[in-house]
Structure formats: C-alpha cells, structure tokens
Number of protein chains: 2
Amino acid sequence: MSLNSRRRGAELEDAILDAAWDTLIEHGYHGFTFEAIAARAGTSRPVLYRRWPQRADLLMAVLHKFWGSQPIEVPDTGDLRADAIGFLRNADKGRTGLMTVISAQLMEYFRETGTNFEELRDRLRRPGPLGFEVIVARAVARGDLPDEPRSRRVVNLPFDLLRNEMLMTMRPVSEQAITEIIDDVWLPLLLR
Amino acid sequence: MSLNSRRRGAELEDAILDAAWDTLIEHGYHGFTFEAIAARAGTSRPVLYRRWPQRADLLMAVLHKFWGSQPIEVPDTGDLRADAIGFLRNADKGRTGLMTVISAQLMEYFRETGTNFEELRDRLRRPGPLGFEVIVARAVARGDLPDEPRSRRVVNLPFDLLRNEMLMTMRPVSEQAITEIIDDVWLPLLLR
DNA sequence: ATCGTTAGATACATCTGCGTATCTTAAGGC
DNA sequence: GCCTTAAGATACGCAGATGTATCTAACGAT
C-alpha cells in the first residue's frame, strides 16, 4: 500500500472517515471495527487509534461528518398537501432515510453507552425549525390554515409515522404509505 | 454443577430458554452467545448445539416462548378515551414494551437474516383483531363513534406512535406522551 | 439390574478483534 | 538539504466466541 504517496493530516482523516462510513452502512455497528475500517481505508489500526482512542469517538466523528451535513429539502409549492408529501419523499429518499436505518443499527451502541436515538439526533441536528413547522407556518401565512396553536406532536406527526414505517420495514417507504400518512391522518387532523 | 440432579428433556430445555431470554434482555443480541447462555443455564455448549444448531434457531425458540405468550390486556370501561389510554399503558408496562426494546436489539439479527421488525412481529403475533380494532368496534357498538370505515393506519395510530416513542427513548413512555397521543391526535381524528 | 440415551465436562483448533509496542521511512516545514 | 513528525507495517499477547470431538456418569425405561 506504500506504492508512492503517503497521505497525511486532513486528507488521510477524510479517507478514514469515508471508509468508516461505508463500513457502517454495509456491515452495521457490529462490523464497525477498527480492524475493518483500517483495512478499507488502506491504512493500519495504530493510525486510527492515534486519532480516536475509542470506537465511540470514531463513530461520532463519522456521524458528524455525514449526518448533519445534508438537511432535508423543504418544498415550497404553495400547497400544503404537496409540500407535506414532497417533504416526506425527500426525507425518505435522501440521506435521512439512510440515517434512520443506520440509527437502528446503532442500538448496540446505545446499549453500550446508555444513550438513545433521541439524544443522538438532538446532538447532531442543526438548530432551526423542523420541516413540518416550516410547512405549517407557510400554510398559515397563506391563510390555508387557521392561526391557532398546535402541539409539536401534531405538527411533526408525519415525520414520526414515516420513521416508524422506516424502522418497521427497513426499506424505502412506499408512495402509498406516504399519501396515507398525509391524506388519512395529518390533513384531516389539521383541517378538522 | 453436578451436585446431585441432572436435568433432562423439557425441564432442561426450559431452563436454557429462560437463561437465553435473560441474556438477551441484559446483554442484547450481541451478548446472545452460546457461550454466555450455556454458562448462565449451568450447562455446556454442546447441549445447546444438539438442540439448536444455529443461533437464529435458539433465538426463534426464545421469542416464541416469551413473546406471543402474553397478549396485552384490552380494557373495557365503556369509555373510548379510558380504554385507549389504558391499553397504551398496558402495552407500555407489560411485556410488549419490553419486546419492542428487545426488537430494537435485534437489528443485528435482521441485518444478518435479511428480515425486519415487521416480519418478525407478524410471525410471532397470535391471530385475531388488534387491540385498537376491538376498542373502536366497542365504541361503535355503543354508538359513541359513527359506524363508518376507517383505515388500519388511523385505527392503530396510537400504537404506532407509542412504538415510535419507545424506540426513540428506549425508556418507559411517560403518562404525558400517552395522553397527548390520545387527546391531541387520535380522538380529534376519530371525532372530527 | 441392565442398558440405551444424553447431560455435562473438557479439550481442541480456529478465528476475529482488541490495544500496544516497535521500527522504517515518507512527507513537509524550516 | 536537514530534521521533526507521523504514516504505515508488523508483531505480540489477550480475550471471547465458534464448532466439533471425546469421555463419563446420571437418568429413565424396561
């Protein structure tokens, strides 16, 4: 592996984090070993240990690099239903869907460290309003929804249901499930 | 360990399954090893291998014994809200809550076998109507709800939300969360 | 009392990952 | 061009788990 060039600093670190990320996706937290990651990155374990003494340190570095980095796009079509469905689609197909599945693979990590899904998400999420908060606020501004207080649970309901769907099936969420969530549950609740 | 009596047949098998169950709860799927289980059951690995050649075989035997065995009690108070809240409480505090958490620990198993949460649940669930189907049917019979078709997603919504809550926090679900699910989401949707 | 079955103990070779230590040599700053 | 830094290779002992083989002795049926 020492053909010619020897990577250093940030370049090396990026390569390792990429390898770690790929390893996590392909083999879950169980396969997320210094051994496997070093091999995949074309380096050796001591190089990893020098930077991240604990497996959890490396994991956090990976998640920081790849999780928060790509927020879900919030559509702005001028129509509440279209915005909601589009947002769920984006959440499903983008990195977030992947992250949900990954999070599930981290149960072993949660057990080891005593943390949970929620804490991890809060720790990695960038600040600002949630997607559905934006969508609802826009609808209210347009006059499509009455300007009344709504609980976070109601506003963010579709996302909770989408997550539940993802976790139960560990597969891409069907278009039918998405429209059911919006048409059978969320919109009737908002517009009652 | 051979003080006096040597267990055989069903007695031994029960003891092993108990030990396997405890091991799964305490150490997750990662700790669910023939080594640990045999030690805990006070026997040796060959005894286990003779009965369950694969780890997955043992796991399924354990889940069959401890999962389906205790259905969630469906309250029948004559009041829709009380029934719903009571049912969620029962689901949370009973074995089901535990099973949800356990299921999360099985992500590694799902990965290995290519199955998922949903398939496992369907495979282990005893036949018959779901809890909330019963609760809604009773309310309709009393005349408390109109007799109109409702999607499975709407009827079983509280359970999906409860599961989401359990998976996100990996802790007992708060009374507040339960009442929010029923009062802010489900009842307004049914009674709109 | 005998006998077939099988629990339980032990041993084995093997594998994978861990964490550390050591050495070389390439890279980059000055 | 020298010199400090650190990458990369390798080796070591350790731990835990795997799957199988072998032996004994307890149990249950007859």
Side-chain angles (χ1 to χ4, degrees), chain A residues 1-62 105-109 111-113, chain B residues 1-62 105-109 111-113:
Chain A
M1 192 52 64
S2 61
L3 292 177
N4 209 351
S5 70
R6 176 178 287 188
R7 298 160 298 182
R8 299 207 144 212
E11 183 195 355
L12 176 61
E13 196 154 318
D14 275 353
I16 294 172
L17 291 178
D18 288 350
W21 171 247
D22 292 341
T23 303
L24 181 60
I25 289 182
E26 281 180 30
H27 305 293
Y29 187 62
H30 175 248
F32 190 81
T33 66
F34 282 60
E35 189 99 13
I37 295 164
R40 181 159 200 150
T43 183
S44 58
R45 279 179 296 132
V47 175
L48 274 66
Y49 278 104
R50 280 169 199 147
R51 289 156 200 267
W52 307 280
Q54 314 278 345
R55 180 202 281 214
D57 300 330
L58 177 53
L59 179 67
M60 288 314 296
V62 170
Q105 304 292 344
L106 294 183
M107 288 301 170
E108 211 56 52
Y109 164 77
R111 158 180 294 279
E112 277 177 18
T113 58
Chain B
M1 194 52 64
S2 62
L3 293 176
N4 208 351
S5 71
R6 176 178 283 187
R7 299 161 296 181
R8 301 209 142 210
E11 184 195 353
L12 176 61
E13 196 155 318
D14 274 353
I16 294 173
L17 291 178
D18 288 350
W21 170 249
D22 292 341
T23 303
L24 181 60
I25 289 183
E26 281 179 30
H27 305 292
Y29 187 61
H30 175 247
F32 190 80
T33 65
F34 282 61
E35 188 99 13
I37 295 165
R40 181 160 202 151
T43 183
S44 56
R45 280 179 296 132
V47 175
L48 273 67
Y49 278 104
R50 280 167 199 148
R51 288 155 201 267
W52 306 279
Q54 314 278 345
R55 180 202 280 216
D57 301 330
L58 177 52
L59 180 67
M60 288 314 296
V62 170
Q105 304 291 344
L106 294 183
M107 287 300 172
E108 210 56 54
Y109 164 77
R111 161 179 292 278
E112 276 176 19
T113 59

* Grab the CD-P distance between A/E11 and D/dT5 for me, whole Å please. => 21 Å
* Which one of A/I25, A/T23, A/D18 satisfies the side-chain contact (heavy atoms from CB on, under 4.5 Å) criterion with A/W21? -> A/I25
* Write down the distance between CG (A/L48) and P (D/dA6), rounded to a whole number of angstrom. => 16 Å
* Please round to the nearest 0.5 Å and tell me the distance separating atom CG of B/L48 and atom CG of B/D57. => 11.5 Å
* Asked: Any side-chain N or O of B/R51 under 4.0 Å from OP1/OP2 of C/dA7?
  -> yes
* Think A/R55 has a side-chain N or O under 4.0 angstrom from the OP1 or OP2 of C/dC18? -> yes
* Gap between atoms CD1 and C1', on A/I16 and D/dA6 respectively (whole Å) -> 12 Å
* Asked: To the nearest Å, how far apart are B/Y49 OH and D/dT22 C1'?
  -> 17 Å
* To do: Please determine if a side-chain N or O atom of A/R7 lies less than 4.0 Å away from the OP1 or OP2 oxygen of D/dA6.
  => no
* To do: Would you kindly check whether a donor in the side chain of A/R45 faces an acceptor in the base of C/dG17, or vice versa, at under 3.5 angstrom?
  => no
* To do: Establish, with yes or no, whether the OP1 or OP2 oxygen of C/dA26 is under 4.0 angstrom from a side-chain nitrogen or oxygen of A/R8.
  => no
* Structure fact -> Taking D/dA21, D/dG8, C/dA7 as options, the one with an atom nearest any side-chain atom of B/P46 is D/dA21
* To do: Figure out the CG/P separation between A/D57 and C/dC18, and round it to whole Å.
  => 14 Å
